[in-house]
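Scroll down for the structure; my scribbles are underneath it.
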Amino acid sequence: MFRKKALALSAAAALMALSLTACESTTPAGDANADSGEKPYVAVVSKGFQHQFWQSVKAGAEQAGEEFGVEVTFEGPDTEKDVAQQIEMLTTALSKNPDAIGFAALDSQAATPALEEAKSRNIPVIAFDSGVDSDIPIATAATDNKGAAAIAAEHMAELIGGKGKVAIVAHDQTSTSGKDRRDGFVEAIEQKFPDIEIVTVQYGGGDQLESANLAKTIINGNPDLKGIYGTNEGSAIGVVKAVEELGMKDKLTVVGFDSGKAQLDAIRSGVEAGAVTQSPVDIGYQTVKAAAHAIKGESVEKVIDTGAMWYDAKNIDDEEIAANLYE
């Protein structure tokens with residue numbers, strides 16, 4: 001809690017100086033760009049940059065930028081644990097006076113001062129992927145993460161015969177997506193499968209090595225464990241690595257979330273049973289599309305569901321599934 005308060009106070013201090021600078025001009029950014037004939041500018045600040053998922057989101061954002069005639073920048077922290085780095089990126093983006101912002105919060109509380117600054121300057125904020133625990137974003141383009149996690153839970157239950165012990169390796173407990181992908185799985189198991197026990201939920205920050213170490217500890221501490229659910233690409237790959245290193249293939253059911261080459265290979269080889277995929281390209285596309293409409297003063301949907309579906313070795317090459325997978 002202290003760290004979150006410190007991040008929020010630090011962001012607030014930086015934004016106080018930014019506000020003073022912004023107040024030197026009474027002309028809104030959008031009007032200035034319109035008068036100069038420049039393209040409207042949309043700053044997109046993601047939760048990460050390294051994972052192929054975020055690269056696919058970036059591709060969708062850039063596609064929409066070209067289609068709707070807006071300039072787009074896309075950046076994210078080095079890892080999905082770097083809250084301070086993300087807040088710095090968001091603050092820097094605001095200093096460039098964008099016409100709109102796309103934002104996927106790692107920590108909504110830490111981001112509050114920056115979001116309030118954007119609102120005070122009439123800069124529309126489009127939340128994406130995880131959403132933001134705030135009423136400031138005018139729209140959210142995201143997967144229904146709770147619903148998607150429930151799909152993962154139902155397939156896990158089917159794969160282990162409806163009973164036994166399972167565990168969760170989650171990517172975080174601060175972002176909306178992290179909490180929803182955990183809670184959607186937990187709630188589905190508790191409500192529909194009373195003979196399945198979730199023995200623990202551990203958080204690896206989406207880091208493959210840390211997630212692998214957590215999975216090994218869980219497996220070693222629960223010899224009768226039947227399955228582990230990884231809530232994002234890095235988490236799932238970490239679990240896969242643990243299973244491989246411990247020689248647990250065919251002894252433990254792994255269910256994942258997202259895509260990526262390592263996860264696709266694991267599903268094809270049978271180490272991972274299957275996963276829920278989002279549509280990352282559409283997440284990026286819908287974020288910038290909504291921003292472009294908002295800049296023009298046009299209405300946008302408050303919630304933009306970008307979809308999710310289950311894939312495994314049986315349907316991984318189906319046209320509809322393959323279109324939503326990335327390497």
Side-chain angles (χ1 to χ4, degrees), residues 46-63 74 76 79-80 104 128-130 141-156 159 168-172 175 177-178 180-182 184-185 204-208 211-212 215 227-244 253-287 305-327:
S46 173
K47 289 169 61 180
F49 196 78
Q50 302 300 326
H51 285 178
Q52 285 296 319
F53 178 86
W54 299 116
Q55 290 298 313
S56 295
V57 174
K58 179 175 181 285
E62 291 174 344
Q63 178 185 340
F74 188 102
T79 75
E80 293 179 36
F128 68 96
D129 182 59
S130 64
T143 305
D144 175 0
N145 282 295
K146 270 198 170 184
I151 293 172
E154 290 166 1
H155 282 275
M156 173 69 84
L159 289 162
I168 300 173
V169 174
H171 56 289
D172 69 59
S175 72
S177 70
D180 283 353
R181 292 185 197 177
R182 173 198 65 198
F185 186 92
D207 180 80
Q208 294 180 27
S211 297
I228 300 180
Y229 161 57
T231 64
N232 77 343
E233 179 187 353
S235 304
I237 294 170
V239 175
V240 165
K241 288 182 180 295
V243 168
E244 290 175 331
T253 298
V254 179
V255 168
F257 208 113
D258 292 327
S259 185
K261 186 178 187 305
Q263 203 168 182
L264 298 182
D265 289 345
I267 290 172
R268 292 183 189 280
S269 69
V271 179
E272 182 175 344
V276 177
T277 181
Q278 306 180 78
S279 179
V281 172
D282 200 45
I283 289 174
Y285 179 89
Q286 294 294 342
T287 299
D305 184 1
T306 53
M309 59 190 73
W310 170 262
Y311 71 101
D312 54 26
K314 296 178 181 178
N315 69 355
I316 194 170
D317 293 317
D318 289 357
E319 184 176 347
E320 183 180 9
I321 298 295
N324 289 292
L325 302 179
Y326 58 89
E327 295 192 355

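Residue numbers run from 1 in the order of the sequence given. For clarity, every value in this text was computed on a predicted model and none was experimentally measured.
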Test log, rule side chain to side chain contact (heavy atoms under 4.5 Å, CB included), inputs Val57 and Asp129: CA-CA 9 Å; Val57 174; Asp129 182 59; over 6 Å; no
Using atom types as modelled and distance alone, determine if a side-chain donor or acceptor of Ser46 lies under 3.5 Å from a backbone N or O of Gly48.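 Yes, because the side chain of Ser46 sits within donor-acceptor range (under 3.5 Å) of the backbone of Gly48.
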Could you check whether any side-chain N or O of Thr306 sits under 3.5 Å from a backbone N or O of Thr143, counting only pairs where one atom can act as donor and the other as acceptor?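 A pair under 3.5 Å: yes.
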To the closest 0.5 Å, what do you measure between [atom1] ([X]) and [atom2] ([Y])?
{"X": "Asp305", "Y": "Asp144", "atom1": "CG", "atom2": "CG", "answer": "5.5 Å"}
{"X": "Asn145", "Y": "Arg182", "atom1": "CG", "atom2": "CZ", "answer": "12.0 Å"}
{"X": "Asn324", "Y": "Thr277", "atom1": "CG", "atom2": "OG1", "answer": "5.5 Å"}

Over all atoms of both residues, closest heavy-atom pair of [X] and [Y]:
{"X": "Trp54", "Y": "Phe128", "answer": "CZ3-CE1, 4.0 Å"}
{"X": "Ala275", "Y": "Phe257", "answer": "CB-N, 3.9 Å"}
{"X": "Ala273", "Y": "Asp312", "answer": "O-CB, 3.3 Å"}
{"X": "Ser211", "Y": "Gly238", "answer": "CB-CA, 4.0 Å"}
{"X": "Ala152", "Y": "Val255", "answer": "CB-CG1, 3.9 Å"}
{"X": "Ser175", "Y": "Lys47", "answer": "OG-NZ, 3.4 Å"}

Can you list everything that forms a salt bridge (charged side-chain N to carboxylate O under 4.0 Å, His left out) with Lys58? Sequence neighbours excluded, please.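 By the salt bridge (charged side-chain N to carboxylate O under 4.0 Å, His left out) rule, Lys58 matches Glu62.
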Test of understanding: with salt bridge (charged side-chain N to carboxylate O under 4.0 Å, His left out), list the residues that count as partners of Asp265, not counting sequence neighbours.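 Only Lys261 meet the salt bridge (charged side-chain N to carboxylate O under 4.0 Å, His left out) criterion with Asp265.
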Quick one, Ile228 with Val169, criterion side chain to side chain contact (heavy atoms under 4.5 Å, CB included). Give me CA distance, side-chain angles, the key distance, then yes/no. CA-CA 7 Å; Ile228 300 180; Val169 174; 3.9 Å; yes
Chi angles and distances behind the side chain to side chain contact (heavy atoms under 4.5 Å, CB included) call for Ser279, Tyr285: CA-CA 10 Å; Ser279 179; Tyr285 179 89; over 6 Å; no
[X] and [Y]: side-chain donor and acceptor closer than 3.5 Å?
{"X": "Ser235", "Y": "Asn232", "value": "yes"}
{"X": "Asp258", "Y": "Gln278", "value": "yes"}
{"X": "His171", "Y": "Thr231", "value": "yes"}

For [X], give me all partners under side chain to side chain contact (heavy atoms under 4.5 Å, CB included), at least two apart in sequence or on another chain.
{"X": "Ile151", "answer": "His155, Val276, Trp310"}
{"X": "Ser56", "answer": "Pro280, Val281, Tyr326"}
{"X": "Ala236", "answer": "Gln263, Glu272"}
{"X": "Ala153", "answer": "Phe185, Ala188, Ile189"}

Any side-chain heavy-atom pair from Thr79 and Asp207 closer than 4.5 angstrom?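 Heavy-atom side-chain distance check fails, nothing below 4.5 Å.
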